[in-house]
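Before any comments, here is the structure.
Labels below follow one simple rule: chain letters A, B, ... track the order of the sequence lines, proteins then strands, and each chain is numbered from 1. As a basis for the values below, the full set of heavy atoms in this structure was taken, side chains included, without hydrogen atoms, waters or symmetry mates.
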Number of protein chains: 2
Amino acid sequence: MHQILVVEDQPDLRAVLRTTLVAAGYRVVEAGTAARALVEARSHKPDLLLVDLGLPDGDGIDLIRAIRGWSVAPILVLSARTRETEKVLALDAGADDYVTKPFGTDELLARVRAALRRAPSDGHHRSRLVFGATVVDLERRQATGPAGEPVHLTPQEYRVLDVLARRPGLIVAQRQLLREAWGPDRVDDARGLRVFVKSLRDKLEPAPAIPRFILTEIGVGYRLASDVVEGTTDTTDS
Amino acid sequence: MHQILVVEDQPDLRAVLRTTLVAAGYRVVEAGTAARALVEARSHKPDLLLVDLGLPDGDGIDLIRAIRGWSVAPILVLSARTRETEKVLALDAGADDYVTKPFGTDELLARVRAALRRAPSDGHHRSRLVFGATVVDLERRQATGPAGEPVHLTPQEYRVLDVLARRPGLIVAQRQLLREAWGPDRVDDARGLRVFVKSLRDKLEPAPAIPRFILTEIGVGYRLASDVVEGTTDTTDS
DNA sequence: CCGTTTCTTAACGGCCCTCTAACGCCCGGG
DNA sequence: CCCGGGCGTTAGAGGGCCGTTAAGAAACGG
């Protein structure tokens with residue numbers, strides 16, 4: 001049974017979230033402030049965090065950054081639709097997914113399930129990616145195509161794929177992708193990123209024109225389909 | 001039971017690491033500074049070191065170099081992900097592996113196990129390499145060509161081949177090759193390496209112009225094809 | 001001390017990788 | 001209906017990396 005830490009300052013909304021999650025079979029821990037959330041996260045080691053931006057004390061962004069320093073537990077962000085840029089900032093700080101308010105319980109639970117599904121892939125160490133018939137071994141830097149022929153990826157292509165594979169099935173913000181694959185100097189220029197995504201799709205996707213594994217999240221970033229990681233023979237995604 | 005020295009300046013993260021490692025059955029010694037780490041390493045003789053870069057006093061890189069001066073215990077480096085050059089520097093200083101923050105406990109433990117497993121088996125590298133019709137016996141320093149005639153390799157050629165053969169099928173970084181085949185002084189000069197790769201290919205490859213066994217990974221290093229090791233047709237081995 | 005082998009260094013040419021610019025497409029807003 | 005943002009796609013320029021060759025320096029052995 002998974003444990004979820006809910007960080008939300010409004011008591012009534014917190015109650016709704018708790019009821020919803022408990023009814024779905026999760027254990028729930030609550031925190032009303034960022035400071036309290038840090039303490040609870042460290043002591044309870046939750047499997048997932050649900051964080052509302054716009055907390056009274058300090059920024060939710062800082063909370064995400066702090067937790068990301070020592071935990072890989074997925075972080076889902078709750079954000080009002082009016083704060084689009086904040087959503088991107090949160091993802092850039094290390095959040096894994098977002099749910100915009102107002103949201104339905106079905107959508108929330110679907111995203112929670114999707115995020116938790118990543119957990120078992122942690123043990124597999126994400127070194128082996130399966131794009132249909134094309135397989136990439138990130139550790140050995142080897143790739144083989146449908147007919148067993150070797151597929152060649154360039155160093156930069158491996159770097160981009162590496163960052164995406166770190167959070168399979170979850171969103172990686174463009175700035176984060178740029179920072180980790182290119183360096184802190186070029187987080188503002190996404191042109192090169194688009195070119196490399198294209199060439200990765202050409203080499204790995206069965207039908208590059210209709211991406212099935214390397215997916216675009218418009219305005220935010222990219223993500224890998226969750227079933228590229230070995231061991232997750234899963235159902236359809238949200 | 002293995003003993004691990006954890007070098008980490010943040011007390012809370014240190015606590016997380018200790019809990020994780022103790023739960024997995026390791027004995028743990030801790031150090032908060034590089035100076036302290038040197039003392040503990042010398043007195044406890046740990047089987048493995050877990051070093052966080054970015055320590056308050058002195059550089060983590062210097063610590064690695066210092067320990068490498070008198071110990072062969074595997075060193076795992078822990079670091080934030082933003083600095084790509086730091087990774088190269090650490091590995092070049094003698095670190096064995098690199099774990100980026102944030103990390104999952106499963107991933108950390110898997111890498112610890114892998115490092116400990118690799119350590120004693122350092123002497124198990126294959127001594128017989130099969131390049132198609134040309135066979136090299138690394139232990140006896142003898143090689144025979146397609147017609148059974150002897151093939152002569154120079155001492156330095158054997159040294160390069162030795163390093164590559166230690167990790168068959170895996171990429172060996174240029175700097176690592178230079179460090180292990182030439183010495184730490186010449187890790188910056190890859191010109192000689194290219195010359196020796198060329199002469200090795202001339203002597204061992206069936207078609208030197210189209211390398212099939214000694215492969216180039218542009219921007220990274222070289223590697224041996226995994227089927228040069230005896231056991232392609234039969235897997236029996238000592 | 002000389003000849004041979006081995007290693008180092010230099011120079012050049014070519015290929016691959018990366019970056020940049022330009023254009024087209026889709027979509028949502030004015 | 002036009003316009004602008006964001007993404008996909010293509011092509012080309014530039015630079016860096018590697019392969020190759022050859023000649024000089026160093027080590028080695030008589």
How is A:R186 classified with respect to the nucleic acid when contacts are heavy atoms under 4.0 Å: base, sugar-phosphate, or nothing? sugar-phosphate

Is the distance from OP1 or OP2 of D:dG19 to the nearest side-chain N or O of B:Y222 less than 4.0 Å? yes

Using a strict 4.0 Å threshold on nitrogen-to-oxygen distance, state whether B:R166 and B:D162 make a salt bridge. no

Give the rounded distance in Å between these two atoms: CD of B:Q156 and C1' of C:dT9. 15 Å

Respond yes when some side-chain nitrogen or oxygen of B:T216 is under 4.0 Å from OP1 or OP2 of D:dG19, and no when none is. yes

Taking atom C1' of D:dG6 as reference, at what distance in whole Å does atom CZ of A:R191 sit? 14 Å

Atom NZ of B:K198 and atom C1' of D:dC17 are separated, to the nearest Å, by 17 Å

To the nearest angstrom, how far is A:H152 atom NE2 from D:dC17 atom C1'? 12 Å

Per atom distances to the A:R201 side chain, the nearest of C:dT6, C:dT18, D:dG8 is D:dG8

Is a salt bridge present between A:R212 and A:D227, judged by a nitrogen-to-oxygen distance below 4.0 Å? yes

salt_bridge(A:D97, A:R223) N-O dist < 4.0 Å: no

Determine the contact category for B:Q174: base if any of its heavy atoms lies under 4.0 Å from a base atom, sugar-phosphate if only primed atoms, P, OP1 or OP2 are that close, otherwise nothing. sugar-phosphate

Looking at every strand, decide which applies to A:F196 at a 4.0 Å heavy-atom threshold: base, sugar-phosphate, or nothing. sugar-phosphate

Do A:R141 and B:E217 meet the salt-bridge criterion of a basic N to acidic O distance under 4.0 Å? no

Taking CD from B:E217 and P from D:dG19, how many angstroms apart are they, rounded to a whole number? 11 Å

Contacts of B:R194 and A:V195 projected onto DNA chain C by closest heavy atom; the upstream (5') one is B:R194

May I ask you to verify if any side-chain N or O of B:W182 is less than 4.0 angstrom from the OP1 or OP2 atom of C:dT8? yes

Atom CG of A:L215 to atom C1' of D:dC7: distance rounded to whole Å? 14 Å

Are any non-hydrogen side-chain atoms of A:Y98 and A:L78 less than 4.5 angstrom apart? no

Just the rounded figure in Å: distance from P of C:dT8 to CG of B:L178. 10 Å

Round to the nearest Å and state the distance from B:I218 atom CD1 to C:dC16 atom C1'. 5 Å

With the side chain defined as heavy atoms from C-beta on, A:T154 is closest, among C:dC7, C:dC17, C:dT6, to C:dC17

